[in-house]
Each structure stands twice: as structure tokens, then as C-alpha cells.
Chemist: 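Have a look at the structure that comes next, please.
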Amino acid sequence: MAHKAGFVNIIGNPNVGKSTLMNAFVGEKLSIITSKAQTTRHRILGIVNGDDFQILFSDTPGIIKPAYELQESMMDFVKSAFEDADILVYMVEIGEKALKDEAFFKKITNSEIPILLLLNKIDTSDQQKLEEQVQLWKEKVPNAEIYPISALEGFQVNEVFNRIIELLPESPPFYPKDQLTDKPERFFINESIREKILLHYKKEIPYAVEVETEEFHEEEKIIRIRSVIMVERDTQKGIIIGHKGSALKRVGVEARKDLEKFFGKKIHLELYVKVNKNWRSNQNQLKRFGYN
Ligand SMILES: Nc1nc2c(ncn2[C@@H]2O[C@H](COP(=O)(O)OP(=O)(O)OP(=O)(O)O)[C@@H](O)[C@H]2O)c(=O)[nH]1
Ligand SMILES: [Mg+2]
């Protein structure tokens with residue numbers, strides 16, 4: 001049989017479960033997951049390899065109306081996911097409202113490529129509501145195949161995976177067969193730390209934070225890491241650090257545990273906080289942090 005390979009790009013509103021699904025497909029925690037919207041800021045490739053196939057999943061930021069430069073570059077990642085997709089996975093959740101961007105929605109309904117519309121979080125729904133929702137989405141996106149799923153509980157995830165394999169175009173692999181992602185180690189360190197900040201701080205704080213890993217030094221038995229948490233203002237710096245450093249310490253302890261699992265090695269993690277005024281609206285800073 002001929003080899004199959006292609007880009008399967010996951011798009012949808014914020015917080016619907018896109019990252020949860022990609023991690024389930026890949027079997028690794030490549031993308032961070034929290035209950036807050038705009039958890040994912042990048043396009044993250046997750047590669048699933050078989051003897052005769054290679055699926056290049058892309059997790060993308062949730063679709064929003066951008067209010068500042070960072071969000072514009074997040075939406076550029078979504079745009080790029082529309083451009084190179086061989087199969088588009090459009091994820092919605094039970095009871096959600098319309099996509100926040102009409103133009104993106106038109107791209108989906110006018111799409112020439114296969115669309116799998118995944119109605120996620122059905123573990124939170126009853127049968128009647130589910131049937132109503134399926135009917136609704138059939139009318140809204142008639143060109144899609146609809147699959148009710150639960151990414152969290154793994155319900156119907158295999159069925160969707162098998163359908164993706166069927167739909168994949170014939171192609172040689174795009175990446176070496178032992179490669180898992182396109183992102184470097186430092187990216188996953190930054191993201192682990194950012195996840196803890198999303199989990200433990202309120203309101204605007206997580207959105208004002210970017211993380212940069214300055215040092216990554218692997219020794220035989222331990223990896224030594226130093227990362228800086230960047231905030232936009234002095235007051236935010238104080239909040240991140242907390243009383244006698246307690247808040248920052250909690251972030252460090254929890255991120256270190258995740259990273260030890262991810263790298264399978266003991267980790268020494270040093271964190272500090274720096275003010276980087278208005279980095280979210282500064283093109284040069286954004287470029288440096290890997291946003292286009
Ligand atoms: N009940 C339930 N919760 C889910 C399911 N899938 C994801 N979630 C939860 O929904 C929340 C958002 O999940 P994410 O995977 O981060 O969603 P996302 O679409 O990647 O979000 P952004 O990156 O912010 O756009 C988390 O609290 C998940 O645990 C599901 O099938 N059922
Ligand atoms: Mg996400």
C-alpha cells in the first residue's frame with residue numbers, strides 16, 4: 001500500500017478542547033490545557049507515525065477578535081492552519097455560540113477539503129440535547145462529517161482517528177519518522193510554566209505573562225534550567241512573586257514535576273520575574289518569543 005501523509009489542522013473557538021484532543025491523538029502532553037480561554041498561543045505540531053502513514057496534527061489558538069498584536073499573531077497561526085490543511089478538524093462544544101470570526105466560518109463552510117466537525121464535551125450532555133446539537137450543526141455546516149466526541153474521556157477519539165487515516169492523501173512523510181513535534185525543548189519548558197500561571201493567577205495576569213528559558217543544561221542525571229517570567233508592569237511582578245515568594249515557589253514546584261515527567265529526568269528549575277513593558281504590543285519582542 002502507498003504511504004499516506006498530511007496536515008490535519010484543529011481549529012475552533014477558545015476553550016472547546018482542541019489541545020485536549022491533540023494530546024489524546026499524540027499520546028503526549030504537547031499542548032498545555034487549562035479551563036481559561038486563550039491557553040494556546042502558538043501553532044503546535046503533533047506528529048503521529050505509523051508504518052505506512054504520518055499525520056501532522058496542528059493545535060492552534062482559539063479563534064478570537066484580536067485586540068492587540070499578540071492576538072493578531074495568534075490569529076495568523078490560525079490563518080496558516082487554513083492554508084495548508086489536507087483535512088480540517090473543526091471543533092465545537094455542546095451549547096456553544098457562533099464562531100467569533102465570520103470570515104473564518106465562511107472558509108469552513110466553503111471548504112473544498114474534508115471537514116470533520118467534532119462536537120466535543122458530550123460527557124456533559126444528555127441524549128436529547130446532543131441530538132438537537134447534531135441537527136443544528138448539520139444545517140450550519142452541511143459539508144462536514146459530524147462526530148460527537150469526548151476528548152477528555154476518549155469517547156469516539158479512535159473512530160475519528162481511523163477516519164482521518166482513510167482521508168489522508170497519498171504522500172511520502174514530511175518529517176523523520178521518529179519526530180514528535182516541530183517545537184524545541186525550551187518551548188515545552190516555557191509552556192509548562194505558563195500553564196501553572198494560567199492555573200494560579202487571576203484576571204489579566206496570565207495574559208500579561210510570557211516565559212523565556214535562558215538556560216538549558218543537560219547533565220548525566222539532571223537537567224538545569226533557568227527561565228524568566230516576563231510581565232508588563234511592576235505591580236504584576238509583585239503579584240507573581242507573592243508573599244515572601246510563596247506564589248512563585250508554587251509555580252516552580254508544579255512546573256518542575258511536569259517537566260520531570262516530560263523529560264524523564266531530574267530537573268533543577270530556577271525562576272525569576274522581569275518587567276518587559278508592553279511586550280504584547282511590541283513587534284520585536286513578539287518576534288523574539290516566536291510569534292510571527
Ligand atoms: N467535560 C469535558 N471537558 C473537556 C473535554 N475536552 C476538554 N475539556 C476541558 O475544557 C477545557 C479547555 O480545554 P483545552 O484543551 O485547553 O481547550 P482549547 O480549545 O485548546 O482552548 P484554547 O487553547 O484556550 O483555545 C479544559 O478544562 C479541559 O479539561 C471533554 O471532552 N469533556
Ligand atoms: Mg489549546
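Just so you know, ligand 1 is whichever comes first in the structure, and atom 1 is the first atom listed for that ligand.
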Chemist: Considering residues at least two apart in sequence or located in another chain, which fulfil the side chain to side chain contact (heavy atoms under 4.5 Å, CB included) criterion with T40?
Modeler: S19, I44, D59
Chemist: To the nearest 0.5 Å, what is the distance between CD1 (I32) and CG (N23)?
Modeler: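 The CG atom of N23 is 10.0 Å from CD1 of I32, to the nearest 0.5 Å.
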Chemist: Hey, which of F25, F161, F7 is the one that makes side-chain contact (heavy atoms from CB on, under 4.5 Å) with I55?
Modeler: F161
Chemist: Step by step, would you call E170 with K4 a salt bridge (Lys or Arg N to Asp or Glu O under 4.0 Å)?
Modeler: CA-CA 4 Å; E170 281 186 15; K4 291 176 148 193; over 6 Å; no
Chemist: Without hydrogens or angle criteria, can the side chains of Q128 and E132 be said to hold a donor-acceptor pair below 3.5 Å?
Modeler: yes
Chemist: To the nearest 0.5 angstrom, please state how far the CG atom of L119 sits from the CD1 atom of I146.
Modeler: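 Between atom CG of L119 and atom CD1 of I146 there are 7.5 Å.
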Chemist: When you compare the side chains of E210 and Y291, does any donor N or O come within less than 3.5 Å of an acceptor on the partner?
Modeler: yes
Chemist: Taking atom types as modelled and ignoring hydrogens, do the side chains of E131 and Q135 form a donor-acceptor contact shorter than 3.5 angstrom?
Modeler: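 Their side chains do not contain a donor-acceptor pair, so the 3.5 Å distance test is not met.
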Chemist: What does the list of residues with a heavy atom under 4.0 Å from ligand 1 look like, ordered by chain and number?
Modeler: P14, N15, V16, G17, K18, S19, T20, I33, T34, S35, K36, A37, Q38, T39, T40, G62, N120, K121, D123, T124, S150, A151, L152
Chemist: Can you pull out every salt bridge (Lys or Arg N to Asp or Glu O under 4.0 Å) where at least one residue sits in residues 10-29? Sequence neighbours excluded, please.
Modeler: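 Those involving residues 10-29 are K29-E195, K29-D258.
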Chemist: How about the Mg ion (ligand 2), which protein N, O or S atoms come within less than 2.8 Å?
Modeler: S19 OG, T40 OG1
